[in-house]
2 protein chains.
Amino acid sequence: MAKIKDVAAAAGVSASTVSRVLCNGPVSDKVRKRVEAAMTRLDYRPNLAARRLRSQHTDTIGLIVSDIRNPFFTAVSRAVEDEAYRNGMRVILCNTDENPDKEAMYLRLMQEERVTGVIFAPTRQLVTSIDQQALGFPVVMIDRVSADAATDAVVLDNRRAAAQLVGHLLQQGYRDIGGLFGNTSNTGMERHAGFSEALQQAGLAAPARFVAPSVEAAEQAVLQWLAEPARPQALLVSNGVLLLGAVRAIKSAGLHWPQDVALVGFDNEVWTDLLGDGLTVMEQPVNEIGRTAMAMLLERLEEPERSQRIVVLQGKLMVRGSSLPQ
Amino acid sequence: MAKIKDVAAAAGVSASTVSRVLCNGPVSDKVRKRVEAAMTRLDYRPNLAARRLRSQHTDTIGLIVSDIRNPFFTAVSRAVEDEAYRNGMRVILCNTDENPDKEAMYLRLMQEERVTGVIFAPTRQLVTSIDQQALGFPVVMIDRVSADAATDAVVLDNRRAAAQLVGHLLQQGYRDIGGLFGNTSNTGMERHAGFSEALQQAGLAAPARFVAPSVEAAEQAVLQWLAEPARPQALLVSNGVLLLGAVRAIKSAGLHWPQDVALVGFDNEVWTDLLGDGLTVMEQPVNEIGRTAMAMLLERLEEPERSQRIVVLQGKLMVRGSSLPQ
DNA sequence: ACAAAAAGTGGTATCGATTTCAATTGCAGC
DNA sequence: GCTGCAATTGAAATCGATACCACTTTTTGT
């Protein structure tokens with residue numbers, strides 16, 4: 001494969017000049033044309049490894065999520081990548097499966113890649129222990145933050161969103177409301193807090209259960225819960241993955257919403273409006289989350305010293321049949 | 001950030017020796033320990049750009065798909081990435097939106113990255129014009145192939161799968177069967193071929209329509225089709241994205257399956273068994289496709305001269321309520 | 001005990017680009 | 001025609017690692 005020297009020779013100029021053509025440096029039009037002709041003739045492709053080594057910038061960002069198959073992350077990823085490529089950057093995707101060891105491993109890898117920055121949806125273990133200084137690149141957290149994290153972040157107003165869902169259920173006449181939450185992320189904790197607060201304010205109990213963030217775990221938990229004598233009239237489920245599990249459980253128990261049990265959840269996935277009269281959900285602005293995360297990363301690179309910034313976005317309540325008045 | 005020389009100095013050895021520790025070369029245990037200690041002390045991270053430049057292998061593969069939000073590609077991607085990281089390789093993900101210009105652009109980028117290989121779901125335009133020799137790296141195509149493509153590939157037996165779906169509908173008593181296919185991929189064409197053949201063999205007409213591979217396009221097409229006087233009794237839909245559009249159309253037309261129109265499709269997405277009595281679909285072995293693609297890429301790298309290989313996998317018919325006997 | 005082979009280590013060149021600095025060219029102004 | 005300045009261009013150093021070769025030390029076989 002042709003290298004810069006070959007192009008230089010073919011165009012009768014020095015390698016420096018070819019490099020200038022590549023990087024839009026000062027080159028006369030005549031020479032530029034000649035060099036560009038030589039490049040196409042030789043089918044030249046600059047070696048990015050060499051460029052990165054010398055120029056010390058990689059134009060690469062890392063995107064670390066728990067599982068790209070979670071539609072929330074799928075959508076966010078797509079938005080991040082669009083924005084990245086629009087800014088001439090590449091994206092390395094990492095799936096951690098909510099495993100702190102994998103998270104650490106990938107962060108290490110990101111250091112070796114000398115990435116420009118990282119967008120990261122961390123587990124609870126990692127969320128507070130991120131040290132950008134030590135890492136050597138800025139981090140923007142998405143979806144999950146804690147008050148004492150020291151990085152920029154883009155998150156949903158989880159407490160408020162959960163409280164809104166509870167408020168909606170209360171308004172519809174439900175009083176006996178249970179909550180199902182993921183046990184690995186801070187997000188689950190925050191949504192639980194909003195859930196509890198809202199119910200306590202109404203003077204009601206706030207029975208909650210926590211499960212591993214998988215469809216199967218949710219299905220099993222809900223199946224069991226619904227079989228208990230003190231089963232709730234309504235169920236709030238903390239994210240799209242768990243929601244799918246809850247739906248499966250309700251179906252396989254032969255129950256129906258809202259009459260047997262009302263159901264509301266997070267994440268407006270494509271199938272939520274197709275089931276019966278639809279599932280009431282809190283939609284997250286997934287595109288905006290991705291775009292904003294990328295934008296914040298770029299801003300941080302521009303201005304490394306500016307103060308930490310957390311962008312809190314609001315969800316959108318989509319009322320559908322699963323929470324009809326009792 | 002510490003570099004190899006710093007580690008060498010700290011450990012009192014040469015840079016070569018540190019490099020050997022890094023690459024598991026021949027080093028005495030005593031020295032290895034000392035070097036490793038120095039590495040942790042300095043928090044050393046090898047610079048991958050430098051390593052790649054010098055060693056001439058990047059351990060990076062490209063994964064080029066139309067849209068990661070298509071659950072088929074989501075699942076395949078996850079399998080590819082698992083397999084890649086298991087083999088010490090990184091993955092660069094690219095979304096082309098079925099746009100041949102973007103495809104060409106990303107292939108160019110892959111050359112600049114000097115990737116080890118690429119896994120690629122091409123549009124019809126690109127599928128035959130791929131020249132691995134010129135590209136400089138091996139390509140494994142997934143999901144979409146043509147007979148005259150010159151690369152390794154992993155695909156579903158699309159003709160047979162489509163024919164099986166048709167056979168199933170025929171068996172259930174349907175005679176008036178329409179087909180909806182994507183118009184950008186070879187896959188759509190092959191499934192159409194299987195669909196047509198099966199119906200012709202039964203001496204029946206095979207009305208087919210082709211649309212852009214988006215939910216909206218499918219919804220509109222189906223809505224229109226169902227409004228026509230000669231509307232089919234059953235509909236076969238060529239992939240999960242289009243299937244979602246078809247479902248939306250049928251719902252918004254106020255119709256029901258199977259009584260108003262039977263519905264079968266491809267891709268066993270998470271929601272397909274939740275709608276009414278479920279949607280009859282042809283499940284693709286998504287994990288196997290991803291794993292196999294990665295395995296074939298590795299094999300090709302081992303043995304560059306072996307003959308072209310196309311692995312054809314079989315789908316699995318999941319019979320559900322949407323195709324109940326008429 | 002000695003030769004031969006193997007293991008361990010260091011020095012230097014090199015991967016392919018960019019950066020820096022110095023040299024050259026071209027042109028305006030006088 | 002000469003000076004000064006800006007615009008181009010080239011030569012050489014450099015980014016941080018690995019590869020290759022040469023050398024020393026240790027091990028092995030007879």
Side-chain angles (χ1 to χ4, degrees), chain A residues 1-36 38-39 42-60 88 90 108-116 136-137, chain B residues 1-36 38-39 42-60 88 90 108-116 136-137:
Chain A
M1 180 157 279
K3 40 194 186 181
I4 203 166
K5 269 190 180 174
D6 304 324
V7 176
V13 298
S14 73
S16 318
T17 300
V18 178
S19 173
R20 284 190 197 98
V21 172
L22 241 36
C23 305
N24 286 314
V27 185
S28 69
D29 276 358
K30 207 182 57 186
V31 171
R32 162 166 279 124
K33 283 233 172 60
R34 222 166 62 219
V35 171
E36 280 168 351
M39 282 179 177
L42 297 180
D43 200 32
Y44 170 68
R45 298 283 182 280
N47 183 319
L48 287 181
R51 169 179 293 185
R52 287 179 183 139
L53 174 58
R54 177 63 244 228
S55 72
Q56 303 285 59
H57 51 83
T58 56
D59 293 341
T60 299
R90 271 147 289 291
R108 198 187 166 98
L109 176 63
M110 294 303 107
Q111 292 187 290
E112 300 188 352
E113 294 275 2
R114 303 290 194 271
V115 293
T116 306
F137 48 74
Chain B
M1 182 159 279
K3 41 194 184 180
I4 202 167
K5 269 190 179 175
D6 304 325
V7 176
V13 298
S14 74
S16 315
T17 299
V18 177
S19 174
R20 281 188 201 101
V21 172
L22 242 33
C23 305
N24 286 314
V27 186
S28 70
D29 276 358
K30 205 181 59 186
V31 171
R32 161 165 279 124
K33 282 234 171 60
R34 224 166 60 221
V35 171
E36 279 167 351
M39 283 180 178
L42 298 180
D43 199 32
Y44 170 68
R45 298 282 181 281
N47 183 320
L48 288 182
R51 170 179 294 183
R52 287 178 184 141
L53 174 59
R54 178 63 245 229
S55 71
Q56 304 285 57
H57 52 81
T58 57
D59 293 341
T60 299
R90 269 147 291 291
R108 198 189 166 96
L109 177 63
M110 294 304 108
Q111 291 186 290
E112 300 187 352
E113 293 275 2
R114 303 290 192 272
V115 293
T116 305
F137 48 73

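Chain naming here is simple, since letters A, B, ... match the order of the sequence lines and numbering starts at 1 in each. For clarity, every value in this text was computed on a predicted model and none was experimentally measured.
- Of the residues in residues 14-21 of chain A, those lying under 4.0 Å from DNA chain D by heavy-atom distance are A:S14, A:S16, A:T17, A:R20.
- Whole-Å rounding puts the A:R52 CZ to C:dT19 C1' distance at 19 Å.
- Between C:dT14 and B:Q56, no contact under 4.0 Å exists linking OP1 or OP2 to a side-chain N or O.
- Atom CZ of A:R45 is separated from atom C1' of C:dC15 by 20 Å (rounded to the nearest Å).
- Atom CG of B:D59 and atom C1' of D:dA17 are 14 Å apart (whole Å).
- Going from atom CG of B:N47 over to atom C1' of C:dA17 covers 14 Å, rounded to whole Å.
- Checking B:R32 against A:L53, the closest nucleotide of DNA chain C that is more toward the 5' end is the one next to B:R32.
- Here CZ of B:R20 is found 11.0 Å from CZ of B:R32. Values are rounded to the nearest 0.5 Å.
- A donor-acceptor contact shorter than 3.5 Å links the side chain of B:R52 to the backbone of B:T58.
- For B:I4 and C:dG11, the CD1 to P distance is 14 Å, given to the nearest whole Å.
- Distances from the side chain of B:K3 to the nucleotides D:dT8, D:dG16, C:dG16 place D:dG16 closest.
- Under a 4.0 Å N-O distance rule, the pair B:E112/A:R51 does not qualify as a salt bridge.
- Of the inter-residue distances, the one linking A:D6 atom CG with A:M39 atom CE reads 12.0 Å to the nearest 0.5 angstrom.
- Contact of A:R51 with C:dT18 (side chain to base): no donor-acceptor pair of N or O atoms is detected under 3.5 Å.
- Rounded to a whole Å, the CG atom of A:L48 is 18 Å from the P atom of C:dC15.
- Listed nucleotides: D:dT18, C:dG10, C:dT9. Nearest to the side chain of B:V13: C:dG10.
- Sequence order on DNA chain C of the closest nucleotides to A:Y44 and B:V27 puts B:V27 first from the 5' end.
- Of the listed nucleotides (D:dA17, C:dT18, D:dT18), C:dT18 has the atom at the smallest distance from the side chain of A:C23.
- For the atom pair CZ of A:F137 and CZ of A:R114, the computed distance is 10.5 Å after rounding to the nearest 0.5 Å.
- Between the P atom of D:dT25 and the NZ atom of B:K30 lies a distance of 13 Å, rounded to the nearest Å.
- Note: A:D59 CG to A:L48 CG = 9.0 Å, rounded to the nearest 0.5 Å.
- The main-chain N or O of B:T60 is never found under 3.5 Å from a side-chain atom of B:R90 such that the two would form a donor-acceptor pair.
- Here the P atom of nucleotide D:dA7 and the CG atom of A:N24 are 17 Å apart, to the nearest Å.
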